[in-house]
Enquirer: 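Can you read through this structure? Questions will come right after.
Computed from a predicted structure; not experimentally measured. These numbers come from the heavy atoms of this one structure, side chains and all, not from hydrogens, waters or symmetry mates.
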Amino acid sequence: MKLGIVLTVFLGLFIVANSVADQRDAQAQPVDSERSGPVACEAVVQKYLGGAMWDHFEGGGFTGFDAVVFKVVSPAAKAGQEIRVYVEARSVVDDSSLRKTGAPYRFEFDFALLKHDPLFLGALKNLERMGTGGTDAPKK
């Protein structure tokens, strides 16, 4: 009887210790581009590119897209990495902060998406401007 109680207690402590170790390891893992799921990011607009991409249709029509290039500031493991997203041409007004170099933004992004091209603005979840800052992009 006593042996059964001792084994049960030992087994319980072993399971708890492994569970705590697994949680600690999961929290300590760095941001991995192979891991899927959105990660909280902060980034600044590096540049705005007008006419960055064109889509031509079979009937002869076409549509254009501009690009916003963000430079990641955080998380630290991704600092300096570029994220390029496309927006419908002329959908971003001239005085938008998306056109201002250095404008700070916060959003959630799944870095596994960088394997796919093109990415559109909707890939940045909960996009919001942080404070003020940034200079106007040169007009072309």
Side-chain angles (χ1 to χ4, degrees):
M1 177 77 171
K2 288 184 182 181
L3 180 62
I5 293 172
V6 170
L7 286 176
T8 304
V9 170
F10 177 74
L11 182 60
L13 290 173
F14 179 76
I15 291 170
V16 168
N18 280 335
S19 175
V20 168
D22 290 344
Q23 288 176 356
R24 183 186 63 238
D25 291 344
Q27 291 172 351
Q29 297 225 353
V31 176
D32 182 6
S33 62
E34 300 302 316
R35 186 181 70 175
S36 63
V39 175
C41 298
E42 292 182 5
V44 295
V45 174
Q46 190 169 19
K47 55 188 157 190
Y48 185 90
L49 303 167
M53 181 174 67
W54 296 93
D55 193 3
H56 298 272
F57 305 116
E58 284 183 17
F62 62 90
T63 188
F65 296 90
D66 296 345
V68 182
V69 181
F70 289 94
K71 187 172 188 174
V72 176
V73 175
S74 74
K78 298 294 182 182
Q81 190 163 1
E82 288 185 357
I83 300 174
R84 178 185 297 227
V85 293
Y86 294 91
V87 296
E88 207 171 318
R90 298 175 302 280
S91 66
V92 178
V93 295
D94 286 344
D95 62 347
S96 170
S97 58
L98 287 173
R99 292 181 178 259
K100 295 184 185 290
T101 302
Y105 278 87
R106 174 183 299 126
F107 51 84
E108 294 173 14
F109 181 70
D110 184 347
F111 282 92
L113 292 175
L114 288 176
K115 296 181 211 170
H116 307 285
D117 191 46
L119 293 175
F120 293 88
L121 194 59
L124 307 180
K125 304 296 180 197
N126 302 314
L127 179 67
E128 74 177 281
R129 174 83 187 266
M130 296 172 26
T132 61
T135 58
D136 290 333
K139 301 277 189 230
K140 290 187 178 184

Enquirer: For a side chain to side chain contact (heavy atoms under 4.5 Å, CB included) with Phe109, tell me which candidate from Asn126, Val72, Ile83 qualifies.
Expert: Ile83
Enquirer: Less than 4.5 Å apart, side chain to side chain, heavy atoms only: is that true for Val85 and Phe120?
Expert: no
Enquirer: For the CG atom of Leu127 and the CG atom of Leu98, what is their distance to the nearest 0.5 Å?
Expert: 6.5 Å
Enquirer: Measuring from Arg106:CZ to Cys41:SG, what's the distance to the nearest 0.5 Å?
Expert: 11.5 Å
Enquirer: Please report the interatomic distance NZ(Lys125) to CD(Glu108), rounded to the nearest 0.5 Å.
Expert: 9.5 Å
Enquirer: Roughly how far apart are Phe65 CZ and Arg90 CZ, rounded to 0.5 Å?
Expert: 11.0 Å
Enquirer: Which pair of non-hydrogen atoms, one from Thr101 and one from Gln46, has the smallest distance, and what is that distance?
Expert: CG2-O, 3.5 Å
Enquirer: Would you call the rings of Tyr105 and Phe70 parallel, tilted or perpendicular if under 30° counts as parallel and over 60° as perpendicular?
Expert: perpendicular
Enquirer: In terms of hydrophobic clustering (I, L, V, M, F, W, Y; side-chain heavy atoms under 4.5 Å; direct or indirect links), are Leu49 and Val44 co-clustered?
Expert: no
Enquirer: Could you tell me the separation between the CD atom of Glu88 and the CG atom of Asp55, rounded to the nearest 0.5 Å?
Expert: 11.0 Å
Enquirer: Specify the closest pair of heavy atoms between Pro104 and Arg129, including all atoms of both residues, with the distance to one decimal.
Expert: O-CD, 3.5 Å
Enquirer: To the nearest 0.5 Å, what is the distance between NZ on Lys47 and CZ on Arg84?
Expert: 6.5 Å
Enquirer: Looking at every non-hydrogen atom in both residues, tell me the closest pair between Arg99 and Asp66 and how far apart they are.
Expert: NH2-OD2, 4.2 Å
Enquirer: Who passes salt bridge (Lys or Arg N to Asp or Glu O under 4.0 Å) against Glu58, sequence neighbours left out?
Expert: none
Enquirer: Counting neighbours of CZ on Phe57 that are heavy atoms of other residues, nucleotides or ligands and sit closer than 6.0 Å, is the number greater than 12?
Expert: yes
Enquirer: Would you say Met53 and Leu124 are hydrophobically clustered, going by side-chain heavy atoms of ILVMFWY under 4.5 Å?
Expert: no
Enquirer: Could you see if Leu114 belongs to whatever hydrophobic cluster contains Val45? Use Ile, Leu, Val, Met, Phe, Trp, Tyr and a side-chain cutoff under 4.5 Å.
Expert: yes
Enquirer: Hey, is the main chain of Pro38 close enough, under 3.5 Å, to the side chain of Asp110 for a donor-acceptor pair?
Expert: no
Enquirer: Among Leu119, Asp117, Leu121, which one satisfies side chain to side chain contact (heavy atoms under 4.5 Å, CB included) with Tyr86?
Expert: Asp117
